[in-house]
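Some notes on the structure that comes next.
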Amino acid sequence: MEITGEVRTARDMGLVACTRCTKVWSAGTETCARCGHPLASRDETSLQRVWAWWLVGMFCYIPANLYPMLETRTLVSSQADTILGGAIELAHHGNIGIAIVIIVASMLIPIGKFLVIAALAFGTRYGSTFTPIRRQQLYEVVEYIGRWSMIDVFVVAILSSLVQLGTLAAIRPGSASLFFALSVIFTMLSAQSFDSRMIWDETADDPEPSGQKPAAKEAAV
């Protein structure tokens with residue numbers, strides 16, 4: 001949709017919005033009277049928290065892939081599988097669909113989240129070749145899919161509670177399940193710490209390229 005007229009930000013109009021309840025207040029207001037959340041036009045320490053949670057999440061994700069996620073014990077044997085090893089085992093038994101879901105949810109999505117969060121943080125500090133609209137979309141995708149990264153932990157918890165047959169067979173979570181859950185939590189905190197309003201700051205004072213129509217520039221913003 002084409003936007004006509006001058007586009008003004010809340011900061012230009014002397015306003016600041018609460019990031020918790022979205023109530024708008026005059027600039028200079030320190031605390032939201034509706035929910036009590038501190039108000040700030042921009043969170044200057046946002047990137048520091050993003051990188052702190054990101055690094056802790058990465059440190060937890062490494063042992064989550066090295067240690068067993070699931071330990072299966074029967075009367076005659078015992079087996080411990082990592083995330084990748086369990087997916088390969090499922091594929092060998094013909095459960096290719098489930099194996100693909102586990103690989104996507106437990107490996108591709110977490111790695112993708114790490115890369116996107118790092119790209120957003122770097123782009124905010126040093127500039128990015130992606131447009132602000134594209135970066136905002138990437139941020140919203142990371143925020144949305146964060147909760148689905150726990151699917152592997154849920155599967156382990158369900159199997160551990162259902163398959164308890166005494167000395168015949170038992171399934172229990174491996175040490176990797178704890179590291180994986182912590183990694184997911186820390187990456188979610190990293191994404192939530194990012195102040196997405198900073199994505200748009202670089203467009204505030206950008207000079208208009210020659211030959212570009214004002215309406216087209218406003219539509220991009």
Side-chain angles (χ1 to χ4, degrees), residues 49-123 128 130 133-166 168-194 196 199:
R49 295 199 305 273
V50 168
W51 284 118
W53 292 122
W54 188 92
L55 288 173
V56 177
M58 177 63 73
F59 289 149
C60 291
Y61 185 70
I62 294 174
N65 286 273
L66 297 178
Y67 293 146
M69 175 65 74
L70 196 66
E71 297 178 358
T72 306
R73 180 180 56 81
T74 63
L75 188 62
V76 295
S77 65
S78 61
Q79 181 177 350
D81 293 311
T82 60
I83 295 175
L84 182 60
I88 294 176
E89 189 71 19
L90 287 172
H92 285 168
H93 287 82
N95 298 316
I96 298 178
I98 299 177
I100 293 175
V101 170
I102 291 177
I103 291 177
V104 171
S106 301
M107 300 190 70
L108 298 184
I109 289 180
I111 293 174
K113 286 169 55 181
F114 282 121
L115 294 177
V116 171
I117 293 173
L120 290 173
F122 271 116
S128 174
F130 291 99
I133 292 178
R134 187 66 61 195
R135 281 184 283 161
Q136 181 69 34
Q137 291 172 342
L138 288 174
Y139 171 73
E140 292 176 357
V141 169
V142 169
E143 278 275 271
Y144 178 77
I145 66 177
R147 71 201 73 175
W148 300 104
S149 300
M150 281 286 194
I151 186 171
D152 213 35
V153 179
F154 292 154
V155 170
V156 171
I158 292 173
L159 289 176
S160 300
S161 61
L162 293 179
V163 184
Q164 295 295 333
L165 303 178
L168 296 179
I171 294 179
R172 66 174 185 175
S175 55
S177 59
L178 175 60
F179 287 106
F180 188 85
L182 291 175
S183 176
V184 172
I185 293 172
F186 290 140
T187 51
M188 290 176 65
L189 291 174
S190 179
Q192 292 175 359
S193 299
F194 182 74
S196 61
I199 294 176

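Bear in mind that the values here come from a model prediction, so they are computed numbers and not experimental data.
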Do the rings of Trp53 and Phe186 sit parallel, tilted or perpendicular, given the 30° and 60° boundaries? parallel
Which pair of non-hydrogen atoms, one from Ile83 and one from Ala64, has the smallest distance, and what is that distance? CD1-O, 3.7 Å
Atom pair CG (Leu120) and CZ (Phe194), whose distance is rounded to the nearest 0.5 Å: 5.0 Å
Note, Leu84 side chain near Asn65 side chain (heavy atom, < 4.5 Å): no
Does the side-chain contact (heavy atoms from CB on, under 4.5 Å) test come out yes or no for Leu182 and Leu178, once each step is laid out? CA-CA 6 Å; Leu182 291 175; Leu178 175 60; 4.2 Å; yes
Compute the centroid of each ring, for Tyr61 and then for Phe114, and state whether the two points are separated by less than 6.0 Å. yes
Could you check whether any side-chain heavy atom of Leu189 comes within less than 4.5 Å of a side-chain heavy atom of Ile185, counting everything from C-beta outward? yes
Taken to the nearest 0.5 Å, the spacing of Ile111 CD1 from Met58 CE works out to 8.0 Å
When every non-hydrogen atom of Tyr67 is compared with those of Ser175, the smallest separation belongs to CB-OG, 3.3 Å
Close side-chain approach of Leu66 to Thr82, heavy-atom, < 4.5 Å: no
Quick one: does Ser177's side chain have a donor or acceptor within less than 3.5 Å of a partner on Gly174's backbone? yes
Could you check whether any side-chain N or O of Ser183 sits under 3.5 Å from a backbone N or O of Phe179, counting only pairs where one atom can act as donor and the other as acceptor? no
Sub-4.5 Å side-chain heavy-atom contact between Lys113 and Thr187: yes
Test your reading of the model: is there a side-chain donor-acceptor pair from Ser190 to the backbone of Val50, 3.5 Å cut-off? yes
Output for pair (Glu143 CD, Leu138 CG), nearest 0.5 Å, gives 12.5 Å
Could you pull out the closest heavy-atom pair between Ile96 and Ala91, with the gap in Å? CG1-O, 4.2 Å
Ring centroids only, cut at 6.0 angstrom: are Trp54 and Phe59 within range, meaning strictly under it? no
Give the intermediate values and the outcome of ring-ring contact (aromatic ring centres under 6.0 Å, His included) for residues Phe122 and Trp51. CA-CA 10 Å; Phe122 271 116; Trp51 284 118; 5.2 Å; yes
Rounded to the nearest 0.5 Å, what separates atom CG in Leu108 from atom CD1 in Ile100? 10.5 Å
Looking only at heavy atoms, the pair that brings Arg135 and Ile199 closest together is NH2-O, 3.9 Å
How close do Ala176 and Pro63 get, counting heavy atoms only, and between which atoms? CB-O, 4.1 Å
Tightest non-hydrogen contact, residues Ala105 and Phe180, listed as O-CZ, 4.5 Å
